[in-house]
Amino acid sequence: MFVFLDAGHGGLDHSGNYVSAPGKQFRHNRGSFHGDGWFYEGVWNRTLVQQVEWKLQRLGIEYLPLHHDYVDLSLEQRVEKANWYHRNYQPGILVSTHANASVNHDGRGYEIFTSPGVTGADRLAEIHWDQTETLLGDRITMRSDTSDGDHDKEANFFILRRTLMPAILIEHLFFDNFADASLLFDDEVQELFAEAQVRTIIEYFR
Ligand SMILES: [Zn+2]
């Protein structure tokens with residue numbers, strides 16, 4: 001078992017500045033979130049991936065983070081790193097952690113993406129759909145596209161299209177919607193999102 005973990009975008013640098021593209025943050029008019037109502041997607045992504053890492057460490061499952069502590073590494077760098085280790089060290093699977101945003105801030109729900117067509121990622125995505133639905137289906141909105149017989153959505157995201165291993169990208173709810181953002185800051189929901197990733201990894205390699 002070997003997993004490439006990716007937390008999308010940048011985080012907080014040592015001076016507390018959020019180093020990500022402007023669209024990767026949102027200020028809510030109530031609540032605190034990462035401070036004064038600001039929700040920083042890249043910071044949340046890192047928090048979740050850290051929880052996944054702790055669980056994998058306890059289980060003795062090997063992983064390699066593709067992201068930096070806070071620098072917003074380019075997608076090219078992340079893909080190059082994953083592909084190098086996949087070729088030269090150990091083949092694995094890739095899970096990229098994100099949260100979503102919408103133009104009118106009214107989008108809600110959870111989506112799993114794979115690259116288009118039938119690929120090795122489809123089974124990974126379907127396992128993850130099932131694990132997430134089992135753990136969180138009663139608390140979150142699960143958004144799917146079942147027109148091609150499975151639950152994942154397909155998109156030409158660079159990290160899915162250019163990586164060599166089965167790869168999924170998870171949009172964990174909409175961080176610019178207050179109700180979804182509040183769920184993302186719920187300790188139990190966060191713990192279950194991390195648990196779902198770990199159970200998916202175990203189930204995939206079983
Ligand atoms: Zn993102």
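In what follows, residues are counted from 1 in the order of the sequence shown. For clarity, every value in this text was computed on a predicted model and none was experimentally measured. Ligands are counted one by one from 1 in listed order, and the atoms in each one are counted from 1 as well.
Within His98, the N, O or S atom at minimum distance from the Zn ion (ligand 1) carries the name ND1. Within His9, the N, O or S atom at minimum distance from the Zn ion (ligand 1) carries the name NE2.
Under a cutoff of 6.0 Å and an axis angle of 45°, Arg123 and Tyr204 form a cation-pi pair.
The heavy-atom pair separating Arg78 from Val71 by the smallest distance is NH2-O, 4.4 Å.
Ring centroid separation for the pair Phe185 and His34 comes in under the 6.0 Å cut-off.
The only member of Thr163, Leu94, Ile159 that meets side-chain contact (heavy atoms from CB on, under 4.5 Å) when paired with Phe4 is Leu94.
For residue Glu41, an N/O/S atom approaches the Zn ion (ligand 1) to within less than 2.8 Å.
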